[in-house]
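Heads up, the thing below is written out as structure tokens.
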Amino acid sequence: MLEEIAPGLLGRHKPEEKKLPPLPNAEPGKVVTRLPPEPSGYMHIGHAMSGILNYLYAKMYDGKLWLRFEDTNPRKVRLEYYESFRKGYRWFGIEWDYEKSNSEDLDLYYDYARELIRMGLAYVCSCNKEEMSRGRFMMVECAHRQQPVELNLSLWKEMLSGDLEEGSAVLRLKGDMTSKNTAMRDPTLFRIIHHPHPLVGDKYTVWPTYDIAAAIEDAVCGITHVLRSSEFALRDELQNYIRSLLGLRSPVFVEYSRFEFKGTPLAKREIRRLIEQGIVSGWDDPRLATVEGIRRRGLLPEAIREFTVSQTGLTYTKRVYAWELLYAVNRRMLDPVARRYFFVPDPILVEVEGAPELRAELPYHPSEPLGKRLVQTGSRFYVPRKDVQKLKEGSMLRLKHLFNVVLRELADDLVRATFVSREVVEGVPIVQWVTEDHVRVEVLVPDVIYLDDGQLNPESLKTVHGIGEKACAEIKPGERVQFERFGFCIRDDASALSFIFIHT
RNA sequence: GCCCCGGUGGUGUAGCCCGGUCAAGCAUGCGGGCCUUUCGAGCCCACGACCCGAGUUCGAAUCUCGGCCGGGGCACCA
């Protein structure tokens with residue numbers, strides 16, 4: 001997979017695993033980690049980086065990796081997202097050993113629930129939401145907590161029957177209503193949801209909450225190390241407690257802070273809003289940090305991997321990454337494999353008097369053996385207007401790989417020049433050029449969506465129109481190239497010659 | 001409001017657990033130079049940080065306390 005996308009890169013950038021700090025209590029061959037996506041939205045770079053960490057640690061310790069869909073809220077989960085995550089993980093070169101969905105295990109959860117009720121550790125509560133949250137806030141138990149086991153068992157049965165309305169009853173854990181950790185204050189374990197699930201349909205109406213499902217699954221899957229972001233920190237105590245009641249083993253938790261990329265939203269709701277408002281085109285908009293977005297944007301999965309390992313610590317501080325840090329890694333990987341092409345933005349015609357007609361051989365790369373193309377030249381060339389505007393009449397200019405000319409006449413639409421010499425003359429500015437045999441090219445230039453002050457960036461997506469040498473037409477969709485003196489770009493669309501600017 | 005957790009150059013990190021070897025390493029960025037038939041790459045040089053205060057100590061980025069700032073949590077979401 002990776003070899004296909006970025007041939008030759010793997011060998012050169014192997015040491016990534018070595019740079020990860022050691023995992024606590026990790027025994028080689030016995031480590032089991034997991035990818036726990038909720039299939040309720042498109043995968044983004046945060047899922048990816050977390051997945052990379054889990055994958056690399058499993059690999060580093062010669063362990064195993066689970067892909068486990070946390071799909072216990074049928075109202076949020078949608079079928080298309082399962083595959084979106086599988087595809088996304090694969091794109092990053094993450095291979096997992098086992099796969100399951102929590103929704104497969106409802107009967108198992110029910111068994112454990114009955115067990116908890118029997119032991120007098122859980123009760124059916126029919127308080128409404130406000131009462132429950134008030135009770136939690138005030139640290140007071142409600143009357144249902146004192147119900148006898150027999151009653152709880154029959155109420156639980158009633159819940160499972162499917163006859164109860166949503167919100168009328170939940171199963172709660174007897175935790176500690178006076179705990180400082182609010183998650184411990186008799187949390188809800190199961191609730192009633194009358195909504196079809198994309199995988200199991202209408203079979204179940206009683207669904208576990210995150211904590212009970214994760215507590216059981218992490219144990220059942222034999223997870224030894226949970227690497228996750230810190231918003232779950234308060235759940236550790238709860239999940240461990242549940243497992244201790246059930247006689248299950250708990251994993252080691254390694255938590256790190258959440259992060260974001262500067263000026264780029266990651267939250268599902270926010271992205272959805274931007275799409276609805278027409279500010280971005282969709283989930284694959286190149287300005288977004290969704291997997292589809294960064295793929296279109298031309299960022300290499302290998303670069304994200306290396307970035308994750310090298311620029312990411314297991315820190316607790318909130319991080320705001322500058323995109324430049326990622327670009328630097330990406331550029332380093334792209335530079336040796338990206339062919340160079342001539343693209344002239346905002347072109348101006350140059351007529352060169354006395355120009356020799358040449359069949360020029362232009363190398364696709366200044367130092368790597370990436371081949372060359374032949375270009376037949378005459379006396380008419382197009383060069384970037386901006387480069388010519390910097391010059392005065394009488395100054396010299398070199399058409400890269402061809403010859404030097406001297407500018408005679410600078411008009412708005414035409415530059416008249418005269419051929420001077422073939423050999424390189426030091427100090428003469430060099431520009432890229434295209435002949436009359438060229439193709440129209442447009443380049444989308446993405447930038448951050450939000451400015452530093454939080455306002456929308458009015459120039460978050462610019463379009464640069466220009467012309468490219470004929471060979472540009474052969475660039476395959478998804479291929480990354482460098483337009484010389486312009487920047488690295490990726491061919492976006494199969495039908496038009498449309499590119500997306502990656503970085504300089 | 002309450003409860004957790006953090007604060008190292010512009011940015012991301014290493015170091016902090018086990019105080020000295022840290023007048024703080026790396027990457028990126030910015031500035032300058034070299035090289036290069038790209039404003040890319042490469043090479044070299046330079047710039048730039050331990051949130052504040054008190055305490056412990058011969059000695060604190062590292063330990064303690066207080067403050068300030070930031071993040072997270074307080075769901076029948078995950």
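So that the names make sense, note that chain A is the first sequence line, chain B the second, and so on, each numbered from 1.
- Residue-level contact check: A:Lys76 touches the bases, meaning some heavy atom is under 4.0 Å from a base atom.
- If you measure from atom CD of A:Gln432 to atom P of B:G40, you get 13 Å, rounded to the nearest angstrom.
- Across the C1' atoms, B:A23 and B:U28 are found 24 Å apart, a figure rounded to whole Å.
- Protein atom CZ of A:Phe232 is 11 Å distant from nucleotide atom P of B:C74, rounded to whole Å.
- The closest side-chain donor-acceptor pair between A:Tyr82 and A:Asp71 falls under 3.5 angstrom.
- Contacts of A:Gln482 with the nucleic acid, taken as non-hydrogen atoms under 4.0 Å apart, include base atoms.
- Nucleic acid contact for A:Pro36: none, since no nucleic acid atom lies under 4.0 Å from a heavy atom of the residue.
- Residue A:Thr72 is classed as a sugar-phosphate contact, given heavy-atom separations below 4.0 Å to backbone atoms only.
- Pairing for B:C2 goes to B:G73, judged as Watson-Crick or G-U wobble with the two contacts each under 3.5 Å.
- For A:Lys180, the side-chain atoms get nearest to B:C4 when compared with the rest of B:C74, B:C77, B:C4.
- When distances run from any side-chain atom of A:Tyr316 to the nucleotides B:C5, B:C77, B:G40, the shortest one goes to B:C5.
- Using a 4.0 Å heavy-atom criterion, one finds that A:Ser257 contacts no nucleic acid atom at all.
- Each of B:U37, B:U28, B:G71 was ranked by its minimum atom distance to the side chain of A:Lys318; first place goes to B:G71.
- Along RNA chain B, the nucleotide nearest A:Cys127 and the nucleotide nearest A:His365 are compared for position; the residue whose nucleotide lies closer to the 5' end is A:His365.
- Rounded to a whole angstrom, the distance from the P atom of B:G55 to that of B:C45 is 42 Å.
- The nearest whole Å value for the distance from the NE2 atom in A:His47 to the C1' atom in B:A78 is 9 Å.
- Candidate nucleotides B:C77, B:G73, B:G29 were compared by shortest atom distance to the side chain of A:Arg331, and B:G29 ranks first.
- Applying the 3.5 Å distance criterion, the base of B:U28 shares no donor-acceptor pair with the side chain of A:Gln311.
- Mapping A:Phe190 and A:Lys400 onto RNA chain B by nearest heavy atom places A:Lys400 at the nucleotide closer to the 5' end.
- Nucleotides B:G19 and B:C63, compared at atom P, are 9 Å apart to the nearest Å.
- Contacts of A:Arg235 with the nucleic acid, taken as non-hydrogen atoms under 4.0 Å apart, include base atoms.
- Between the side chains of A:Arg34 and A:Asn54, no donor-acceptor pair is found at a separation under 3.5 Å.
- Relative orientation of the A:Phe85 and A:His47 rings is perpendicular, given thresholds of 30° and 60° on the angle between their planes.
- Comparing B:C3 with B:C50, their P atoms sit 31 Å apart, to the nearest whole Å.
- Straight-line distance between the C1' atoms of B:C44 and B:C58: roughly 42 Å, to the nearest whole Å.
- When rounded to the nearest whole Å, the span between CZ of A:Arg340 and C1' of B:U36 equals 12 Å.
- Comparing B:A14 with B:A49, their C1' atoms sit 13 Å apart, to the nearest whole Å.
- No contact: A:Arg185 has no heavy atom under 4.0 Å from any strand.
- The partner of B:G66, taking Watson-Crick or G-U wobble pairs whose two distances both stay under 3.5 Å, is B:C52.
- At a threshold of 4.0 angstrom between heavy atoms, the contacts of A:Ala233 with the nucleic acid are absent.
- Between A:Arg191 and B:A78 there is a side-chain polar atom (N or O) within less than 4.0 angstrom of OP1 or OP2.
- Screening A:Phe403, A:Tyr382, A:Phe342 for a ring pair (Phe, Tyr, Trp, His ring centres under 6.0 Å) with A:Trp433, the sole residue that qualifies is A:Phe342.
- You'll find that the side chain of A:Glu231 is closest to B:G73, out of B:G40, B:U28, B:G73.
- Contact annotation: A:Thr317 side-chain N/O to B:G6 OP1/OP2 distance is not under 4.0 Å.
- Base pairing annotation: B:C26 forms a Watson-Crick or G-U wobble pair with B:G12, both donor-acceptor distances under 3.5 Å.
- Between A:Glu141 and A:Tyr123, the side chains place no donor N or O within less than 3.5 Å of an acceptor N or O (distance only, hydrogens not considered).
- Among the heavy atoms of the strands, none lies under 4.0 Å from A:Val431.
- For A:Phe483 and A:Phe488, the ring centers sit 6.0 Å or farther from each other.
- Of all heavy-atom pairs between A:Cys127 and A:His144, the closest is SG-CD2, 3.5 Å.
- Between B:G73, B:G40, B:U37, one nucleotide has an atom nearer to the side chain of A:Leu234 than all others, and that is B:G73.
- In this structure, the ring of A:Phe253 has its center no less than 6.0 angstrom from the ring center of A:Phe232.
- As rounded to the nearest Å, B:A61 and B:U21 have P atoms that lie 9 Å from one another.
- No contact: A:Asn404 has no heavy atom under 4.0 Å from any strand.
- When the P atom is used for both B:C51 and B:C16, the distance is 16 Å, rounded to whole Å.
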